[in-house]
Amino acid sequence: MANPAISLAAQWQLASAASLPPLLQNWLLEPASLTAKLKRHADDFKLQVIQQQLQSLPGFLQPLLPGIAAAECREVLMSCKRLPCVYAQSWIPQSTIAAWQPLAALGEQPLGEVIFQQSGVQRSAVEVARVCVQHAPLAAVASGEYWARRSVFTLAGQPLLVAEVFLDGVFAL
């Protein structure tokens, strides 16, 4: 099993308690679909799946998905205007995939398009952190520290964790 391209191990804090950079505040605090927001800013939105496979849930994520030992880790790169804008990492337990059938075959479809079409979806408070991007396959498009956000979505008691890292391309939108 390959490790995720970006480790989400960081000092996370509630977005409401964080001092956020003004240029990213609207992105980090976006309550609706980030995919939809990206598409509103550029008509050439592209999603590239980096990898998707069942992986052991890292220890630092276990408090967010209690009782889950392994989950489908899906990593994607979202680009607009041919610039990498957002790296997203999702951790989707098998029980959640079984309950939300559209998650079983996402392919190149953005996860946000599935989540925000469901009625009754609940979202935890958004947390933010600075995460370090250092290694392949993202090193060619991003390296250094970037702002990220994460939250847990729940539908009918089934959770999934979504984290998004805002890359330099987002400043061009």
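Just so it is clear, the model here is predicted, and its values are computed rather than measured.
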**OP:** Please name all residues satisfying side chain to side chain donor-acceptor pair (under 3.5 Å) with Q62, sequence neighbours left out, ordered by chain then number.
**Re:** none
Subject >> Close side-chain approach of F166 to Y146, heavy-atom, < 4.5 Å >> reply: no
Original post:
If you group Ile, Leu, Val, Met, Phe, Trp and Tyr by side-chain heavy-atom gaps below 4.5 Å, do L38 and L47 land in one group?
Top reply: yes
Original post:
At their closest point, which heavy atom of C73 faces which heavy atom of W91, and how far apart are they?
Top reply: SG-CZ2, 3.6 Å
Original post:
For Q13 and Q11, does a side-chain donor sit closer than 3.5 Å to a side-chain acceptor?
Top reply: no
Subject >> Non-hydrogen side-chain atoms of L161 and L61 separated by less than 4.5 Å >> reply: yes
Original post:
Would you say the side chains of R74 and S90 form a donor-acceptor pair under 3.5 Å?
Top reply: no
Subject >> Check: E164/Y87 side-chain N/O donor and acceptor closer than 3.5 Å >> reply: no
**OP:** Using modelled atom types only, decide if a donor and an acceptor are shared between the side chain of Q52 and the backbone of V49 within a distance under 3.5 Å.
**Re:** no
Subject >> Polar side-chain atom of R130 near backbone of A10 as donor-acceptor pair, under 3.5 Å >> reply: no
**OP:** List, by chain and number, the other hydrophobic cluster members for W100, where Ile, Leu, Val, Met, Phe, Trp and Tyr join if side-chain heavy atoms come within less than 4.5 Å, directly or indirectly.
**Re:** I92, I97, L103, L106, L111, V114, I115, F116, V121, F153, L155, L160, V162
Original post:
Can you name the closest pair of heavy atoms from A125 and L14 and give their distance?
Top reply: CB-CD2, 3.7 Å
Original post:
Are W12 and V131 close enough that some pair of their side-chain heavy atoms sits under 4.5 Å apart?
Top reply: yes
Original post:
Does some side-chain heavy atom of L77 sit less than 4.5 Å from a side-chain heavy atom of L167?
Top reply: yes
Subject >> Where V126 and R149 come nearest, the two heavy atoms and their spacing >> reply: CG1-CB, 3.8 Å
Original post:
Where do S95 and Q158 land on the side chain to side chain donor-acceptor pair (under 3.5 Å) test, with the steps shown first?
Top reply: CA-CA 7 Å; S95 59; Q158 299 300 320; 3.0 Å; yes
Original post:
Is there a side-chain contact between K37 and N26, using heavy atoms and a 4.5 Å cut-off?
Top reply: yes
**OP:** Evaluate the side-chain proximity of C85 to M78: yes if any heavy-atom separation is below 4.5 Å, no if none is.
**Re:** no
**OP:** Examine distances only and state if a side-chain atom of T96 and a backbone atom of P159 form a donor-acceptor pair shorter than 3.5 Å.
**Re:** yes
Original post:
Under 3.5 Å, is there a donor-acceptor pair between the side chain of Q25 and the main chain of P21?
Top reply: no
**OP:** Examine distances only and state if a side-chain atom of D44 and a backbone atom of C80 form a donor-acceptor pair shorter than 3.5 Å.
**Re:** no
**OP:** Can you see which heavy atom on Q48 is nearest to which on E108, and at what distance?
**Re:** CA-OE1, 3.8 Å
Subject >> Interatomic spacing from CH2 in W27 to NE2 in H41 - rounded to 0.5 Å >> reply: 4.5 Å
**OP:** State the NZ-OG distance between K39 and S33, to the nearest 0.5 angstrom.
**Re:** 8.0 Å
**OP:** Would you please say whether a donor-acceptor pair under 3.5 Å links the side chains of T154 and Q122?
**Re:** no
**OP:** Step by step, work out the side-chain contact (heavy atoms from CB on, under 4.5 Å) result for L83 and D168.
**Re:** CA-CA 8 Å; L83 299 171; D168 293 334; over 6 Å; no
Subject >> Nearest heavy atoms of A32 and R123, plus distance in Å >> reply: O-NH1, 4.2 Å
Original post:
What are the two closest heavy atoms between E127 and L64, and how far apart are they?
Top reply: OE1-CD2, 4.3 Å
**OP:** Find out if a path of hydrophobic residues (ILVMFWY) with successive side-chain heavy-atom gaps under 4.5 Å connects V170 to L23.
**Re:** yes
